[in-house]
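Below: one structure, written as structure tokens.
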Amino acid sequence: MASSLVLPSPSSASTSYSTPLFSSSRSFLTHKSFVPKRTRLRTSVNCEISEPVNGKPRVPIINDGTLPKFLQASRLQNSVSRNNNRLKIFTGTANPSLSQEIAWYMGFELGKVKIKRFADGEIYVQLQESVRGCDVYLVQSTCPPANENLMELLVMIDACRRASAKTITAVIPYFGYARADRKTQGRESIGAKLVANLITEAGADRVLACDLHSGQSMGYFDIPVDHVYCQPVVLDYLASKKISSDDLVVVSPDVGGVARARSFAKKLSDAPLAIVDKRRHGHNVAEVMNLIGDVKGKVAVMVDDMIDTAGTIAKGAALLHQEGAREVYACCTHAVFSPPAIERLSSGLFQEVIVTNTIPAIEKNCFPQLTVLSVANLLGETIWRVHDDCSVSSIFQ
């Protein structure tokens, strides 16, 4: 039996929050405010996350009343009237709630598309409106089930190409197969390059991805890639914690994440850095060896691009507590949460686990320490800048 995509109704959203921007009022956070170039207004709004309900986090939802003035309807109406005929946003079935939030931020309705699966599992896609001569943005994460969502993205790209879209941009909040970016042993495949080739050959003109596992993955594409860093969203939320800079230390859970952690620490008033040294004996299996740096009596913030089985970050947190850390926070962009991640993360090692909604949060993966932040504003602004031929990197400077 075929199943069709059903998008959430905007009226059903009950939670709201302010646009994730940097706040210059925090003593330990030094960063320029996230302000689009198209406006001369300067504003700063703190992220306000609603309290969990029944121990479950509430994903922030955007509405016009909670946006700063420069993001509200008057500005959007001018943009929409100018570009509405040429810009179209479609969503796959991987993360329709994030796609809806992006559309709300940009002042658009999501494009109408029919997606269903035949009895044998084949994917059928039909655009329900014309895209001839339009700049089309397809929002689809390749999150679990990765192969299903990847194939759906490829079929959507092909449908847009055959419908004579002017440009096709694949907006991939979570890029699957990114960890298969090199050969670590003989006779291995490089899955990231293969997926990049598939997306390019399907007909995409550009890719927009969030926090790739490694920067070299951008080089696997023969088309332009805009790399969106989700640090601003997490940093703004940490600013609301009012943690003293003297008590803060940023921790990389492995040597490979040192550059990411150092960049994160610089934006927290150049906080000190610690590194967990570990040895991996197999896929999804990690063993902590020792700690480089001082965490005694401090609030440790562990930073990584994703949490899969949580083996690395959980063993790292246990080591930090042994070394005298007062509290441990875990921050990541992609919450993959493969079993037994939930058991490890909810075991009491973490004061809070902060993730984003690049991968949809499902009910069975919720636990009291989990906080989910939305990257919809960040992705929406990036899409605007790509469409208007403006700088994307200036968002993160």
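Just so we're clear, the structure is a prediction, and the values are computed from it rather than from any experiment.
- Side-chain contact between L373 and V355 is absent, with no heavy-atom pair separated by less than 4.5 Å.
- No side-chain heavy atom of W104 sits less than 4.5 Å from a side-chain heavy atom of M106.
- Residues T312 and V276 have side chains not in contact (no heavy-atom distance under 4.5 Å, counting atoms from C-beta outward).
- For the pair R326 (side chain) and G297 (backbone), a donor-acceptor distance under 3.5 Å is present.
- Rounded to the nearest 0.5 Å, atoms CZ (F264) and CG (L273) are 11.5 Å apart.
- Between R161 and D158, at least one side-chain N (NZ, or NE/NH1/NH2) sits under 4.0 Å from a carboxylate O, which counts as a salt bridge.
- Taking a cutoff of 4.0 Å between a charged side-chain nitrogen and a carboxylate oxygen, E129 and K88 qualify as a salt bridge.
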Next on the checklist: Could you go through F118 and I123, starting from their C-alpha distance and side-chain angles, then the distance that decides it, and tell me whether this counts as side-chain contact (heavy atoms from CB on, under 4.5 Å)?
Outcome noted: CA-CA 7 Å; F118 294 108; I123 298 171; over 6 Å; no

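- Rounded to the nearest 0.5 Å, atoms CD1 (I89) and SG (C134) are 12.0 Å apart.
- Considering every non-hydrogen atom in both V250 and A261, the closest pair reads CG1-O, 3.6 Å.
- Here the shortest heavy-atom pairing between F221 and T200 reads CD2-OG1, 4.0 Å.
- Note: C332 SG to I307 CD1 = 4.0 Å, rounded to the nearest 0.5 Å.
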Checklist entry - Yes or no on side-chain hydrogen bond (donor to acceptor under 3.5 Å, both in side chains) for E188 and T184, after CA distance, side-chain angles and deciding distance? => result CA-CA 7 Å; E188 284 185 337; T184 58; 3.0 Å; yes

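- A donor-acceptor contact shorter than 3.5 Å is absent between the side chain of T356 and the backbone of V375.
- Looking at Q369 and Q351, their side chains never bring a donor and an acceptor atom within 3.5 Å of each other.
- S214 and R182 share no donor-acceptor pair across their side chains, judged by distance under 3.5 Å alone.
- More than 12 heavy atoms of other residues, nucleotides or ligands sit less than 6.0 Å from atom CE of M218.
- Here the shortest heavy-atom pairing between H334 and D211 reads NE2-O, 3.1 Å.
- In summary, the side chains of N95 and S97 do present a donor paired with an acceptor at a separation below 3.5 Å, with no hydrogens or angles considered.
- Defined by atom type and a distance below 3.5 Å, a donor-acceptor pair is missing between the side-chain atoms of N357 and Y174.
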Checklist entry - Where do S189 and L194 land on the side-chain contact (heavy atoms from CB on, under 4.5 Å) test, with the steps shown first? => result CA-CA 9 Å; S189 68; L194 173 61; over 6 Å; no

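- Between Q140 atom CD and L154 atom CG the span is 9.5 Å, to the nearest 0.5 Å.
- The two residues A314 and L349 have their closest heavy-atom pair at O-CD1, 3.5 Å.
- The aromatic rings of F337 and F367 sit tilted, their planes meeting at an angle between 30° and 60°.
- When atom types are taken as modelled, the side chain of S252 and the backbone of V255 share no donor-acceptor pair closer than 3.5 angstrom.
- Between atom OG of residue S269 and atom CG of residue D246 there is a gap of 10.0 Å, rounded to the nearest 0.5 Å.
- The backbone N or O of P173 sits nowhere less than 3.5 Å from a side-chain atom of T358 that would complete a donor-acceptor pair.
- Under the 3.5 Å distance criterion, the side-chain polar atoms of R344 are matched with a main-chain donor or acceptor of T309.
- Aromatic ring orientation, W384 versus F108: tilted (interplanar angle from 30° to 60°).
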Next on the checklist: Evaluate K241 against E352 for salt bridge (charged side-chain N to carboxylate O under 4.0 Å, His left out), listing each step before the verdict.
Outcome noted: CA-CA 11 Å; K241 294 292 182 182; E352 191 171 2; 2.7 Å; yes

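- For E201, the CD atom sits in a loose shell: 12 or fewer heavy atoms of surrounding residues, nucleotides or ligands are nearer than 6.0 Å.
- Between C160 and V136, the shortest heavy-atom distance links the atoms SG-CG1, 3.8 Å.
- The closest side-chain heavy-atom distance from V336 to C143 is not below 4.5 Å.
- Expressed to the nearest 0.5 Å, how far CG of D277 lies from CG of N290 amounts to 4.5 Å.
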Next on the checklist: Run D181 and K193 through salt bridge (charged side-chain N to carboxylate O under 4.0 Å, His left out) and show every step you take.
Outcome noted: CA-CA 7 Å; D181 56 358; K193 173 59 176 172; over 6 Å; no

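- Looking only at side-chain heavy atoms (C-beta outward), T382 and I395 come within less than 4.5 Å of each other.
- Of the N and O atoms on the side chains of R132 and S164, at least one donor lies less than 3.5 Å from an acceptor on the other residue.
- Judged by distance alone, the side chain of R117 and the main-chain N or O of Y124 form no donor-acceptor pair under 3.5 Å.
- Using a 4.0 Å cut-off between charged nitrogen and carboxylate oxygen, D304 and R260 count as a salt-bridge pair.
- The main-chain N or O of T93 is found under 3.5 Å from a side-chain atom of E152 such that the two form a donor-acceptor pair.
- With N377 contributing its side chain and L379 its backbone, the two residues share no donor-acceptor pair below 3.5 Å.
- Checked against the 6.0 Å centroid threshold, Y177 and Y220 do not count as a close aromatic pair.
- Side-chain contact check for D305 and T333: no donor-acceptor pair (N or O, by modelled atom type) lies under 3.5 Å.
- By the 4.5 Å heavy-atom criterion applied to side chains, Q185 and R187 are not counted as neighbours.
- Between M302 and L320, the closest side-chain pair of non-hydrogen atoms falls below 4.5 Å.
- Counting only N and O atoms by type, the side chains of D135 and T167 include a donor and acceptor under 3.5 Å apart.
- With hydrogens and angles ignored, the 3.5 Å screen pairs a side-chain donor or acceptor of D205 with a backbone N or O of I168.
- Pairing each heavy atom of I313 with each of L345, the nearest pair is CG2-CD2, 4.2 Å.
- Residues Q126 and V113 are not in side-chain contact: their nearest non-hydrogen atoms beyond the backbone lie 4.5 Å or more apart.
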